[in-house]
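A note on names: the letters A, B, ... follow the listed sequences, proteins ahead of strands, and every chain is numbered from 1.
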There are 2 protein chains.
Amino acid sequence: MTTPTLRDVAQLAGVHPATASRALNPQTRPLVNAETARKVLRAAESLGYQPNPIARSLKTARSSTVGVVIPDLTNPLFPPIVRGIEDVLTTAGYNAWIVNTDNDAGREEALVESLRSRQVEGLIVATARREHPLLVRLHDQGVRMVLVNRKVDGLELPSVAADDDAGVALSVAHLVALGHSRIAHLAGPQGTSTGVNRARAFRHAMIDHGLPDDPALTVECGYWSESEGALALRKLLDTGAEFTAVVAGNDLIALGCYDVFAERGIECPLQISVVGFNEMPFLDKMRPPLTTVAIPHYEIGGEAARLLLDTIEEPERHPRSVLMAPSLVVRASTARPAR
Amino acid sequence: MTTPTLRDVAQLAGVHPATASRALNPQTRPLVNAETARKVLRAAESLGYQPNPIARSLKTARSSTVGVVIPDLTNPLFPPIVRGIEDVLTTAGYNAWIVNTDNDAGREEALVESLRSRQVEGLIVATARREHPLLVRLHDQGVRMVLVNRKVDGLELPSVAADDDAGVALSVAHLVALGHSRIAHLAGPQGTSTGVNRARAFRHAMIDHGLPDDPALTVECGYWSESEGALALRKLLDTGAEFTAVVAGNDLIALGCYDVFAERGIECPLQISVVGFNEMPFLDKMRPPLTTVAIPHYEIGGEAARLLLDTIEEPERHPRSVLMAPSLVVRASTARPAR
DNA sequence: TTGTATGCGTTATCAT
DNA sequence: ATGATAACGCATACAA
């Protein structure tokens with residue numbers, strides 16, 4: 001009992017395969033007599049016919065599939081984004097091929113190559129570094145792409161991201177309202193647009209509040225990780241710099257601070273307040289529950305999928321970029337400064 | 001500049017496409033003269049030829065792809081498993097199509113259908129309920145499958161899972177060693193094999209330690225979630241039952257207990273100790289850091305991929321199931337009982 | 001060892 | 001409005 005093909009349907013309906021194809025395809029259905037179309041549809045139904053997407057792809061060079069390039073699915077930031085992407089794509093009749101680059105450029109190139117050879121109709125890329133020759137090349141080759149959470153230097157690509165400036169401004173305003181004035185920033189990697197943006201937004205926010213923008217109070221982390229966050233905070237403490245609050249580049253960096261607090265017997269928020277960024281899961285169960293900036297991840301994914309679908313359907317349309325508004329989630333890692 | 005095909009390679013090498021095909025394919029390379037093979041390979045290299053997997057699939061009815069069916073990527077349990085699967089598959093020249101069912105049987109059926117129509121060579125399924133008619137049907141149709149973390153009633157399928165009995169035994173032994181004797185179990189859904197198994201393992205462990213197996217001290221959760229865990233613990237407390245420790249079905253259920261502790265002013269671990277299961281990320285940052293059973297997720301994924309590859313290569317081989325040893329991670333949510 | 005011929009399942013271009 | 005034919009790119013049975 002082999003799966004039925006178009007020929008089987010045509011035979012059962014008593015028409016030529018080409019006619020059956022036209023009848024089955026909503027696009028071309030108007031070309032065929034309404035009555036025969038009905039016959040064909042009934043035949044397909046009764047056989048449980050499912051078109052073979054592989055054969056279709058071979059013929060049409062399309063696939064109803066888009067590639068989703070993620071650095072690391074293990075980072076809790078990404079699964080909700082993926083879900084948002086999938087839900088929108090599914091509704092539009094598309095599928096998502098998810099791929100993990102592990103932050104390895106070689107691996108990424110191989111994976112993208114494999115996606116392209118499978119005729120994906122576009123790419124949603126969440127791995128962009130500021131310098132990203134692969135993306136430049138793909139763009140030159142006319143591959144439709146949408147960036148998530150990142151931008152790439154010198155490339156006008158549609159993108160969707162959280163409004164980081166607004167998020168950092170919320171954090172700083174919250175700390176200032178609590179009475180802090182010596183505020184440090186543990187910045188993300190300056191090789192990522194996010195890291196650069198948030199650091200700049202931090203400086204701007206400080207200036208807007210009439211506070212000194214002291215370069216000695218900003219330390220860069222090599223990665224968006226707990227261990228790098230811990231490293232950076234240790235470095236900062238060891239300089240003897242004075243500060244009562246930390247704006248961390250993201251939640252992982254903020255959690256790294258917790259490790260240092262434990263090491264050195266520092267009380268949070270009594271001695272140092274900390275604000276994170278991203279609203280990872282389970283922050284409310286941390287010790288102390290982490291104040292952070294919440295990002296609408298799921299919605300970002302959905303928006304990215306919509307942008308890509310637009311790009312596929314109207315390739316000439318000017319690239320749009322959308323910014324999603326964040327919100328501050330106040331928990332127990334921030335409080336008035338001790339003195 | 002269109003992408004080169006096999007014909008281009010053949011033409012450049014001055015041979016027939018069929019010869020080029022044989023030369024390019026490691027399987028059939030021995031059939032062709034070593035010298036011509038070299039010529040073909042050089043031609044392919046110089047053109048940057050990449051075989052078209054779609055055409056190949058259409059011809060061979062294979063795809064070098066396996067489907068990975070996950071209930072919810074947002075559950076931190078699954079990403080490491082997926083990574084393990086991907087790493088092993090990639091090494092073997094296969095790709096993984098990851099798919100999210102959202103615990104919806106209809107969605108699952110549609111997704112599996114779509115995977116099959118793309119000629120996946122097998123399925124790794126992490127969504128199995130004990131009753132799972134879809135899987136039974138697929139099995140009857142000869143679809144190669146491996147189950148992860150679950151079993152299905154009445155189906156002899158290769159599977160890989162953590163040794164839940166051992167894990168629960170570790171938890172109970174730890175609590176008993178601390179001096180607990182009134183130990184409660186917040187069981188997972190009894191519609192899942194994991195839920196049933198852990199509950200049974202709990203009873204056995206209690207008996208093994210000569211402790212009463214009191215049914216009043218076990219409450220079932222409807223889902224593997226925080227809110228259900230909280231609900232179950234409230235229910236248990238409201239019966240007035242006496243106990244000094246809780247073995248939770250998984251970490252989420254354990255974290256649900258934390259919410260109830262906060263609500264009712266219960267001190268953990270002073271008044272009640274809690275042990276989780278799974279070793280989700282960031283448990284060490286919780287309040288209090290959660291004692292739990294660690295599962296080698298990444299290795300489980302890798303093992304599942306290996307089992308599936310075995311099944312694909314030796315379809316007649318008897319289904320093996322492998323159990324991975326868990327370990328106990330002792331943190332601050334467990335302590336000697338107060339009195 | 002290599003070439004010839006054919007077909008995987010579908011759709012696009014003709015012709016009728 | 002429908003049918004005939006070819007082609008997408010590749011692999012394989014068969015012939016030479």
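Under a 4.0 Å N-O distance rule, the pair A:Arg116/A:Glu113 does not qualify as a salt bridge. Electrostatic pairing of A:Arg42 and A:Glu45 does not count as a salt bridge here, judged by no charged N lying under 4.0 Å from a carboxylate O. Ion pair B:Arg144/B:Glu121 not flagged as a salt bridge, since none of the NZ, NE, NH1 or NH2 atoms sits closer than 4.0 Å to an Asp/Glu carboxylate oxygen.
A:Ser21 places no side-chain N or O within 3.5 Å of a backbone atom of A:Pro17 that could act as its donor or acceptor partner.
When the shell of 6.0 Å around CZ of A:Arg29 is examined, it contains more than 12 heavy atoms from other residues, nucleotides or ligands. At most 12 non-hydrogen atoms from other residues, nucleotides or ligands lie less than 6.0 angstrom from CD of A:Gln27. Applying the 6.0 Å contact sphere to CZ of B:Arg107 captures more than 12 heavy atoms from other residues, nucleotides or ligands.
Counting non-hydrogen atoms under 4.0 angstrom, B:Ile54 reaches nothing in the nucleic acid. When heavy atoms are screened at a 4.0 angstrom cut-off, A:Ser57 is found touching no nucleic acid atom at all.
Fit an axis to the five pairs at each end of the helix from C:dT1-D:dA16 to C:dT16-D:dA1 and the two axes sit 40° apart, to the nearest 10 degrees.
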Protein-to-nucleotide contact annotation, 5' to 3' order, nucleotides 11-16 of chain C [B base; S sugar-phosphate only; - none; under 4.0 Å, heavy atom]: BBB---
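As a whole-Å value, the separation of B:Arg62 CZ from C:dC8 P is 18 Å. As rounded to whole Å, 13 Å separates atom C1' of C:dT10 from atom CG of A:Asp8. When rounded to the nearest whole Å, the span between CG of B:Leu58 and P of C:dG7 equals 14 Å.
When side chains are defined from C-beta on, A:Leu147 does not count as touching A:Leu155, because their heavy atoms never get closer than 4.5 Å.
Here the CZ-OG distance, from B:Arg56 to B:Ser64, works out to 7.0 Å after rounding to the nearest 0.5 Å.
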Residue pair B:Asn100, A:Arg83: steps toward the side-chain contact (heavy atoms from CB on, under 4.5 Å) verdict: CA-CA 8 Å; B:Asn100 252 293; A:Arg83 295 298 308 275; 3.5 Å; yes
A:Arg317/A:Thr311 under side-chain contact (heavy atoms from CB on, under 4.5 Å): CA gap, chis, key distance, verdict: CA-CA 7 Å; A:Arg317 185 157 167 184; A:Thr311 307; over 6 Å; no
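Nucleotides of DNA chain D that come within less than 4.0 Å of any heavy atom of chain A span, from the 5' end to the 3' end, D:dA1 to D:dG9.
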